[in-house]
Amino acid sequence: MNVFELINGHVRSAVADLASSFKAPPVLDRIVVEPPRDPTHGDVATNAAMVLAKDAGMKPRELAEKIAAALGTRAGIARVDVAGPGFINMTLDASVWRAALVSAIAAGRDHGRSRIGAGAPVNVEYVSANPTGPMHVGHCRGAVFGDALANLLAFAGYRVTREYYINDAGAQVDVLARSAFLRYREALGEAIGPIPDGLYPGDYLVPVGKALAAEHGAALGEKPEREWLPVARTRAVEMMMAMIREDLAALNVRHDVFFSERSLTEGGSDAVAATIAALREAGHIYEGRLPPPKGAPVEDWEDREQTLFRATEFGDDVDRPLMKSDGSYTYFASDIAYHKSKFDRGFRDMIDVWGADHGGYIKRMQAAVRAVTAGQGDLDVKIVQLVKLLRGGEPVKMSKRAGDFVTLREVVDEVGRDAVRFMMLFRKNDATLDFDLAKVIEQSRDNPVFYVQYGHARGESVFRNAREALPSLPADPAARAAFLAGAPLERLVDEAELSLMKRISAWPRQVEAAAQAHEPHRIAFFLYDLASEFHAQWTRGKDLPHLRFIILDDPQITVARLALVQGVVTVLASGLALLGVGAPEEMR
RNA sequence: GCGCCGGUAGCUCAGCUGGAUAGAGCACCAGACUUCGAAUCUGGGGGUCAGGGGUUCAAAUCCUCUCCGGCGCACCA
């Protein structure tokens with residue numbers, strides 16, 4: 001049950017009833033129904049009169065009075081005021097919040113589930129790290145963000161596919177293959193000495209060399225490179241991807257589809273060639289020259305005729321090359337074919353999650369998606385900004401050159417999956433993030449992960465204690481919820497209790513807003529606020545014993561308050577699940 | 001030089017796609033444990049929303065210019 005959706009309906013129908021006297025038909029899209037920032041203004045406010053005043057040919061306040069009069073007669077609306085420049089403020093009958101709480105408890109983990117997605121397929125592509133080594137911390141944020149966003153969209157009613165694009169076709173995987181081949185010779189007993197510059201030095205390739213040796217014996221080493229390289233490459237990529245999947249599993253991140261870049265051009269058909277041909281057919285490709293980039297001079301600039309995509313016709317700054325000077329496709333060309341494949345597989349809505357260093361790539365990719373889908377497809381690119389890794393306020397030094405970068409696994413092993421996930425989401429995706437290894441394992445309010453989880457554990461702790469005073473309270477969670485859904489909620493009259501009920505009721509609205517904005521961090525912040533309000537109410541019971549959740553000689557109010565706790569626990573558990581973070585029963 | 005992302009309290013950050021008097025945590029000051037978990041809570045001080053101009057009933061939010069920080073800038077992925 002979404003209270004704001006309910007009132008939204010009332011507002012729209014009230015406006016529709018008045019519309020015959022308007023000068024122009026009202027544009028309902030701009031009407032916003034939301035909780036006012038200042039609670040003294042009531043429970044729900046709408047700007048309807050202000051945005052429709054022109055259409056109505058009335059002054060905002062005059063129109064507001066008329067809408068307010070119509071709303072005043074609707075069920076559940078206890079009071080309507082016109083305020084300021086023409087806000088309509090509504091105070092709802094407490095029965096509305098009670099009904100919302102009952103519905104939340106009864107729905108359990110489905111409370112907040114939405115149908116705004118209407119089953120539309122959405123493709124969320126995230127991580128897509130090169131299969132050339134283990135994942136490092138830099139990959140964490142994109143992985144967690146993409147995963148949480150996918151959860152959120154699924155909860156909001158979209159049909160979500162989680163996808164990983166394997167970059168197994170470029171020069172980098174050839175380097176990987178040569179590095180693995182060296183390890184293969186090593187595995188056969190050869191002294192290889194130090195790893196030469198330009199090859200990957202990491203010892204995670206040792207097992208690949210051993211595997212190649214075990215499978216091929218000495219045979220591979222006797223062949224020319226063009227024969228052994230594909231073999232080494234395939235095996236290396238395979239083993240790297242297995243490693244990456246394990247790393248992701250440690251973070252509780254899983255994908256539905258792993259899409260190989262190589263598969264676009266291998267086998268019977270060349271999807272990249274086909275895509276380019278189609279674009280050429282549509283007039284989006286030409287042979288031409290590109291001006292050298294301004295600013296920093298490019299040393300080896302080679303002015304030549306090349307195959308260019310007219311990205312500028314779709315909003316990009318310059319046209320983009322599709323072929324390298326050696327005649328092979330650019331990465332961009334493959335990427336166009338890849339996104340076309342997404343569209344051909346039924347995804348009009350696509351979301352890519354990229355690191356900040358790829359920000360300059362957004363426009364051309366969106367341009368390409370428009371071109372290749374004839375404007376039917378929509379690509380949203382979410383950029384996750386840099387993560388600064390700290391320990392007790394001091395930067396953790398990492399040098400990629402020396403090979404001592406911090407791996408994803410190391411961080412997860414040190415602070416735990418929950419802490420990593422929550423902290424990665426407790427910040428807007430496009431703002432940089434400080435991740436302090438010391439702070440995230442602290443058990444204090446300083447640490448939001450703990451604070452929210454503790455809120456959940458504390459709620460469960462109340463239930464454990466309540467069973468002594470209230471033997472009829474079922475231990476089984478589902479039975480408990482069913483039992484509490486029948487609680488005498490009219491006993492909840494304290495302002496703060498009412499306020500908690502309202503926040504629990506706001507959950508569905510939060511889910512929808514976060515899903516539509518593609519912003520899972522809003523969920524994290526909502527949970528933090530809910531936990532905070534719950535902790536506050538819990539502590540009030542210390543000064544004011546009559547406000548405790550468990551009142552020994554009044555089982556009725558105890559049941560009512562337990563229902564409130566049930567609502568809190570339900571939303572915390574549900575929200576934490578969206579973030580992929582555990583909701584512990586206790587934290588001792 | 002161009003593009004993208006940031007700039008909000010001393011510090012770290014929210015601000016619900018334009019709403020009413022801009023909010024939280026930390027830090028600082030003053031308080032609350034014979035108690036449902038004090039791993040918590042209550043109160044207080046603290047603001048030129050980087051700066052100028054514009055759009056309108058209304059701007060931290062949209063447009064524009066400037067300043068500062070990060071990232072990127074044929075043929076890498």
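By convention in this document, chain letters (A, B, ...) are assigned in the order of the sequence lines, proteins followed by strands, and residues within each chain are numbered from 1. Hydrogens, waters and symmetry mates are skipped; everything else that's a heavy atom, side chains included, is used.
A donor and an acceptor atom sit less than 3.5 Å apart, one in the side chain of R509(A) and one in the base of C16(B). For a distance-only test at 3.5 Å, the side chain of D317(A) fails to qualify as a donor-acceptor partner of the base of C73(B).
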task: Sugar-phosphate atoms are those with a prime plus P, OP1 and OP2; base atoms are the rest. Using that split, label each nucleotide of nucleotides 7-15 of chain B B, S or - for protein heavy atoms under 4.0 Å, 5' to 3'.
output: -----SSSS
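Residue N447(A) is classed as having no contact, given no heavy-atom separation below 4.0 Å to the nucleic acid. Base contact: N89(A) has a heavy atom under 4.0 Å from a base atom. Contact annotation for A45(A): base contact, defined as any heavy-atom pair under 4.0 Å involving a base atom. Within 4.0 Å (heavy atoms only), I550(A) reaches at least one base atom of the nucleic acid.
Contact annotation: N47(A) side-chain N/O to A58(B) OP1/OP2 distance is not under 4.0 Å. For C75(B), neither phosphate oxygen OP1 nor OP2 lies less than 4.0 angstrom from any side-chain nitrogen or oxygen of S325(A). One finds a side-chain N or O of R458(A) lying less than 4.0 angstrom from the OP1 or OP2 phosphate oxygen of A38(B). Between K542(A) and G31(B) there is no side-chain polar atom (N or O) within less than 4.0 angstrom of OP1 or OP2. Between K324(A) and C76(B) there is a side-chain polar atom (N or O) within less than 4.0 angstrom of OP1 or OP2. Taking 4.0 angstrom as the limit, K54(A) places a side-chain polar atom (N or O) nearer than this to OP1 or OP2 of C57(B).
Nucleotide G10(B): paired with C26(B) (Watson-Crick or G-U wobble, both distances less than 3.5 Å). Across all strands shown, C4(B) pairs with G70(B); the Watson-Crick or G-U wobble distances both stay below 3.5 Å. Of all nucleotides present, none satisfies the Watson-Crick or G-U wobble test against U17(B) with each distance under 3.5 Å. Pair assignment for U55(B) gives none, since no Watson-Crick or G-U wobble pairing has each distance under 3.5 Å.
Each of U40(B), G72(B), G37(B) was ranked by its minimum atom distance to the side chain of T539(A); first place goes to U40(B). Set against C5(B), C71(B), G37(B), the side chain of D430(A) has C5(B) as its closest nucleotide.
What separates OH of Y454(A) from C1' of U40(B) is a distance of 5 Å, to the nearest Å. Going from atom CG of L322(A) over to atom P of A77(B) covers 13 Å, rounded to whole Å. When rounded to the nearest whole Å, the span between NZ of K382(A) and C1' of C71(B) equals 18 Å. The nearest whole Å value for the distance from the CG atom in D316(A) to the P atom in A74(B) is 13 Å. The OH atom of Y361(A) sits 17 Å away from the C1' atom of C71(B) (whole-angstrom rounding).
G10(B) sits 31 Å from C4(B) when the P atoms are compared, rounded to a whole Å.
A distance below 6.0 Å separates the ring centres of Y338(A) and Y165(A).
Residues meeting the salt bridge (Lys or Arg N to Asp or Glu O under 4.0 Å) test with R503(A), sequence neighbours left out: E533(A).
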Listed pairs under 3.5 Å, donor-acceptor, residues 360-368 of chain A side chains, sequence neighbours left out:
{"residue": "K363(A)", "atom": "NZ", "partner": "D317(A)", "partner atom": "OD1", "Å": "3.2"}
{"residue": "Q366(A)", "atom": "NE2", "partner": "L379(A)", "partner atom": "O", "Å": "2.9"}

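In this structure the side chain of T432(A) never reaches within 4.5 angstrom of the side chain of V387(A), judged on heavy atoms.
Evaluated for a ring pair (Phe, Tyr, Trp, His ring centres under 6.0 Å) with Y528(A), the options F534(A), Y454(A), F426(A) yield exactly one hit, F426(A).
At least one cation-pi condition fails for R320(A) and F332(A): the charged atom is not both under 6.0 angstrom from the six-membered ring centre and inside a 45 degree cone around its axis.
Side-chain N/O atoms of D352(A) and H358(A) include no donor and acceptor closer than 3.5 Å.
Taking the six-membered ring where the residue is Trp, F309(A) and F314(A) present parallel rings, their angle staying beneath 30° rather than reaching 60°.
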